[in-house]
Participant: 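Got a structure for you, questions after.
Remember, it's a predicted structure, so these values are computed and weren't measured experimentally.
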Amino acid sequence: MNKLYKTTQSMFLAWVILLAFGSSAHAQEPQWKLSLEKGVEWTKYTPNKILLVGSSDWGLHGVDANTGKLLWSNEDLYNSAKSLKGPDGKKLGYTADLIQVLEDPNDAKISDFALVKYTDNVMVKNFVVINIRTGDVVINPKMAGMPVVKVIGPEVATFNYDGSGYIQELKGILLTASFVDMYQAGKPYTQITKFIDLESGKVAWESDQFSSIFLPIVTSDNHLLFIGEKTSAKIDAKTGKPFWTFEVADKKNNFEAFDANIRLTEGYFYQKKGNQGVVSAVELGSGKVLWEKPLSTKDAPMLKAENFGVIVSDEKNFTLMEAESGNTKWTAKKLSGIVVDLGRDRGIAVGEKGKYLTVLDKNSGAEKWSQKIKGIQIDQMTGAGIMYQDEEGSIGLIDFDGNLKWGNKDMIKGPGVLRAKSALDSEVFYADGKVFHVNLVTGEKKEIIGKVDFNEKETPDNLEYTGANFILSSSQNMLGFDENGRVQFQQHWASPKISLAGRIALRTMQVAMVAMAAANAYAEGASTGMMGYQSMASRQYGIQREFFEDMSGAFGQAANQRFKASKSRGVYNFILTDVGEGVGLVKVDKVSGKEVGKIVLNDKEPVYDSDPENGMIFYKPSKKEVFGYTF
């Protein structure tokens with residue numbers, strides 16, 4: 001959760017505001033009704049059929065979604081969130097973004113737990129794991145015995161915010177902290193790490209030898225790689241014992257930059273040592289220091305690790321250090337931006353200031369080719385080249401020799417491009433009234449639907465893959481088709497009989513996560529975490545590249561498994577229309593396009609949440625009530 005003011009993609013929340021008088025028809029009776037003394041601020045349906053309800057007193061409530069029974073209430077969980085402020089300095093409202101329901105495609109029990117985590121990066125931060133069936137707090141830093149300090153305001157248990165969280169592969173919670181202990185003689189630098197079993201909330205192991213400033217990396221042998229300010233280590237995930245540690249040379253300094261190659265075989269660290277900076281290469285399996293080289297720079301450089309070496313970029317130079325020796329192989333002109341290895345002998349791509357995409361020769365650093373395109377951003381790696389976006393949001397493809405495979409007038413025209421993936425080697429796009437299928441191995445782009453016409457002059461605003469077909473939809477229209485563009489159905493449901501000027505409709509956004517993989521994950525490549533370490537999202541470039549280079553290999557299989565885990569489970573759309581007895585919702589099966597139910601909701605402001613699997617509606621008829629409908 002990076003920005004609390006943004007609605008998360010995992011929320012299937014719809015707000016429909018109708019500025020007109022409701023019909024005189026009687027609304028349908030709900031299956032259950034829930035009334036809270038305080039106002040209902042939001043609802044969030046979870047995979048294990050628990051409806052979370054946030055109330056105006058900053059309380060959190062768990063409701064059985066099938067029966068409406070109030071299971072628990074917790075009025076203290078979010079108290080400190082009252083002080084949260086956004087980038088504009090204004091207080092943030094209470095939204096469902098403050099809570100992340102955990103999910104595991106192979107273990108449904110994991111969704112019995114949720115992570116409450118938020119911070120304003122100044123004074124306010126919180127970290128709590130709760131059981132959303134019982135409302136019990138499973139663990140928080142204070143319960144885990146993390147050091148409690150009081151400087152200004154309330155007592156706060158110390159923990160590294162970015163380094164603490166849920167580790168899915170190990171089904172555990174990590175709490176880690178590093179700080180100067182002002183209460184001890186000599187004010188020593190202190191590190192504490194605790195690993196907690198998710199289900200029991202018990203501390204499985206703890207250590208005072210290491211910590212991490214971002215969430216530890218799970219290695220291929222299912223252990224943990226910790227990168228701390230002063231100590232980095234590979235840790236036995238079962239016992240907490242270090243296999244090895246790598247310490248800063250001077251305790252008054254910190255590691256200032258780090259990166260590891262995609263297979264986590266070598267890691268590269270930058271630190272100040274004496275009067276100069278030093279880059280060290282460490283074998284991450286054994287902790288052996290392979291080489292160490294001085295680096296003259298005023299500021300901490302950006303390190304980008306590849307299998308053939310590490311690229312070091314500072315305020316003056318763009319240098320490649322060889323993987324085997326650390327010797328400088330070449331230094332190029334000053335470049336800036338995301339660095340991407342294109343694989344084989346294709347070169348190294350560097351996106352420069354949203355103007356150029358430049359590719360350098362790996363062996364010499366010489367420029368192989370460059371394309372000048374306004375607003376250019378690398379979108380994703382394909383088997384045929386580099387997919388990119390321009391300043392208008394249009395999508396193009398450059399082959400590995402620098403030629404525009406489809407660009408200029410042949411691009412997929414933006415803005416407003418929609419996209420969905422049914423597999424890692426293909427993608428479907430909607431743009432400018434047309435639907436395209438792209439083979440990501442060959443780069444072949446084929447128009448499969450020549451013209452999309454929606455009634456009421458609506459423009460499609462959602463494209464998703466259901467697992468059986470593709471659905472292109474808007475507020476009142478749905479179009480179902482297969483990968484070849486064969487239309488299976490096209491349906492329209494008329495808007496309620498009120499003026500368009502008096503209607504604002506934000507419909508249920510059941511967006512398939514796979515449709516966003518290429519659109520967002522790759523675009524986030526330019527973002528870096530602490531110490532310049534690039535986030536896992538940025539490393540998708542390398543994952544995508546290696547997938548296409550070895551689609552049948554184990555690495556490709558692992559990538560495909562991650563892809564499958566993110567499929568959408570929504571099978572229904574809910575559309576506001578006149579249902580004969582008044583304004584209401586029709587439930588539409590996405591695969592067949594057929595109506596399978598309807599309810600009457602005569603309300604000027606019907607606000608509802610939905611169960612995307614079973615088609616239940618959670619409707620808010622008033623400020624203090626939630627009704628549950630099955631239809």
Participant: Output yes when a side-chain donor or acceptor of Trp205 lies under 3.5 Å from a complementary backbone atom of Ala237, and no otherwise.
Facilitator: yes
Participant: Quick one: side chain to side chain donor-acceptor pair (under 3.5 Å) pairs with a partner in residues 215-228, sequence neighbours left out?
Facilitator: Thr219-Asp221, Asp221-Lys234
Participant: Please tell me if the side chains of Leu52 and Val101 come closer than 4.5 Å, counting only heavy atoms from C-beta onward.
Facilitator: yes
Participant: Can Tyr189 and Glu229 be counted as having a side-chain donor-acceptor contact under 3.5 angstrom?
Facilitator: yes
Participant: Are Ile262 and Ile543 close enough that some pair of their side-chain heavy atoms sits under 4.5 Å apart?
Facilitator: yes
Participant: Would you mind listing every salt bridge (charged side-chain N to carboxylate O under 4.0 Å, His left out) that reaches into residues 107-116, with sequence neighbours excluded?
Facilitator: Asp107-Lys171, Lys109-Glu199, Asp112-Arg133
Participant: Counting only heavy atoms not in Lys142 (residues, nucleotides, ligands), do more than 12 fall under 6.0 Å from its NZ?
Facilitator: no
Participant: Is a side-chain donor-acceptor pair under 3.5 Å present for Thr319 with Thr331?
Facilitator: yes
Participant: Compare every heavy atom of Leu418 with every heavy atom of Asn462, then report the nearest pair and how far apart it is.
Facilitator: N-CD1, 3.4 Å
Participant: Determine whether a donor-acceptor pair (N or O, by modelled atom type, separation under 3.5 Å) exists between the side chain of Tyr161 and the backbone of Tyr118.
Facilitator: yes
Participant: Test Ile132 against Asn48 for side chain to side chain contact (heavy atoms under 4.5 Å, CB included), laying out the working first.
Facilitator: CA-CA 9 Å; Ile132 62 174; Asn48 60 2; 3.8 Å; yes
Participant: Any pair with a residue in residues 239-249 that passes salt bridge (charged side-chain N to carboxylate O under 4.0 Å, His left out), sequence neighbours left out, goes on the list, sorted by first then second residue, please.
Facilitator: Glu247-Lys251
Participant: What pairs with Glu292 under side chain to side chain donor-acceptor pair (under 3.5 Å), at least two apart in sequence or on another chain?
Facilitator: Lys273, Ser280
Participant: Does the side chain of Leu175 come within less than 4.5 Å of Phe127's, by heavy atoms?
Facilitator: yes
Participant: Checking Glu444 side chain against Asn439 main chain: does a donor-acceptor pair fall under 3.5 Å?
Facilitator: no
Participant: Do Asn327 and Lys293 come close enough that some side-chain heavy atom pair is under 4.5 Å?
Facilitator: yes
Participant: Give, for atom OG1 of Thr46 and atom CG of Leu102, the distance between the pair rounded to the nearest 0.5 Å.
Facilitator: 11.0 Å
Participant: Donor-acceptor pair, distance only, cut-off 3.5 Å: does the side chain of Thr382 make one with the backbone of Gly385?
Facilitator: yes
Participant: List in chain and number order the residues that pass ring-ring contact (aromatic ring centres under 6.0 Å, His included) with Phe470, two or more places apart in sequence or in another chain; answer none if no residue qualifies.
Facilitator: Tyr465, Phe481
Participant: So, for Gln191 and Ser211, which heavy atoms are closest and what is the spacing to 0.1 Å?
Facilitator: OE1-OG, 2.8 Å
Participant: Going by the rule salt bridge (charged side-chain N to carboxylate O under 4.0 Å, His left out), which residues pair with Lys49 if we only count those two or more places apart in sequence or in a different chain?
Facilitator: none
Participant: Nearest 0.5 Å please: distance from the CG atom of Asn253 over to the NZ atom of Lys230.
Facilitator: 7.0 Å
Participant: Between Ser164 (side chain only) and Thr176 (backbone N and O only), is there a donor and an acceptor less than 3.5 Å apart?
Facilitator: yes
Participant: Once you round to the nearest 0.5 Å, how far does CG of Leu295 lie from CD of Gln276?
Facilitator: 9.0 Å
Participant: Taking ring pair (Phe, Tyr, Trp, His ring centres under 6.0 Å) as the cut-off, I'd like each qualifying pair that reaches into residues 311-343, sequence neighbours left out, listed once.
Facilitator: none
Participant: Is there a donor-acceptor pair under 3.5 Å between the side chain of Asn254 and the backbone N or O of Glu256?
Facilitator: no
Participant: Minimum heavy-atom separation for Leu284 and Gly267, please, with both atom names.
Facilitator: CG-N, 3.5 Å
Participant: To the nearest 0.5 Å, what is the distance between CD1 (Ile386) and CD1 (Ile376)?
Facilitator: 8.0 Å
Participant: Asn160 side chain to Asp162 main-chain N or O, any donor-acceptor pair under 3.5 Å?
Facilitator: no
Participant: Quick check against the 3.5 Å criterion: does Asn403 have a side-chain atom that pairs as donor or acceptor with the backbone of Lys405?
Facilitator: no
Participant: Please name the residue in the list Phe269, Phe246, Tyr268 that meets the ring pair (Phe, Tyr, Trp, His ring centres under 6.0 Å) test with Phe258.
Facilitator: Phe269
Participant: Quick one, Met321 and Trp291 - any side-chain contact, counting heavy atoms below 4.5 Å?
Facilitator: yes
Participant: Would you confirm whether the ring centroid of Phe113 sits within less than 6.0 angstrom of the ring centroid of Tyr166?
Facilitator: no
Participant: If a pair satisfies salt bridge (charged side-chain N to carboxylate O under 4.0 Å, His left out) and one of its residues is in residues 210-220, list it, with sequence neighbours excluded.
Facilitator: none
Participant: Any non-hydrogen side-chain atom of Phe548 less than 4.5 Å from a side-chain atom of Leu424?
Facilitator: no
Participant: Do you know which two heavy atoms are closest between Lys304 and Asp259, and how far apart they sit?
Facilitator: CA-OD2, 3.4 Å
Participant: Would Lys421 and Leu440 count as a side chain to side chain contact (heavy atoms under 4.5 Å, CB included) here? Give the steps.
Facilitator: CA-CA 10 Å; Lys421 298 182 83 171; Leu440 297 177; 3.9 Å; yes
Participant: Working to the nearest 0.5 angstrom, can you tell me the gap between Asn140 CG and Asn126 CG?
Facilitator: 7.5 Å
Participant: In sequence, state the C-alpha distance, the side-chain angles, and the governing distance for Thr466 and Val571, and then conclude on side chain to side chain contact (heavy atoms under 4.5 Å, CB included).
Facilitator: CA-CA 7 Å; Thr466 67; Val571 293; over 6 Å; no
Participant: Trp369: which residues meet the ring-ring contact (aromatic ring centres under 6.0 Å, His included) condition with it, sequence neighbours left out?
Facilitator: none
Participant: Can you name the salt bridge (charged side-chain N to carboxylate O under 4.0 Å, His left out) partners of Lys362, sequence neighbours left out?
Facilitator: Asp341
Participant: Do Gln271 and Asp250 make a side-chain contact, defined as non-hydrogen atoms from C-beta onward lying under 4.5 Å apart?
Facilitator: no
Participant: Using the salt bridge (charged side-chain N to carboxylate O under 4.0 Å, His left out) criterion, which residues pair with Glu483? Sequence neighbours excluded.
Facilitator: none
Participant: Would Asn363 and Lys329 count as a side-chain hydrogen bond (donor to acceptor under 3.5 Å, both in side chains) if you check the C-alpha gap in whole Å, the side-chain angles of each, and the deciding distance to 0.1 Å?
Facilitator: CA-CA 7 Å; Asn363 296 313; Lys329 189 167 187 177; 3.3 Å; yes
Participant: Do you know which two heavy atoms are closest between Ala177 and Met146, and how far apart they sit?
Facilitator: CB-CE, 3.6 Å
Participant: Quick check: closest heavy atoms across Phe195 and Leu174, and the distance to 0.1 Å?
Facilitator: CD1-CD1, 4.0 Å
Participant: With Glu322, which residues qualify under salt bridge (charged side-chain N to carboxylate O under 4.0 Å, His left out), at least two apart?
Facilitator: none
Participant: Does any part of the side chain of Tyr270, heavy atoms only, come nearer than 4.5 Å to the side chain of Asp314, both counted from C-beta?
Facilitator: no
Participant: Say you draw a straight line from CD of Gln389 to CD of Gln380; how long is it, rounded to the nearest 0.5 Å?
Facilitator: 9.5 Å
Participant: Under 3.5 Å, is there a donor-acceptor pair between the side chain of Glu283 and the main chain of Leu290?
Facilitator: no
Participant: I'd like to know if the side chain of Gln209 pairs up with that of Thr245 as donor and acceptor (distance under 3.5 Å, no hydrogens or angles considered).
Facilitator: no
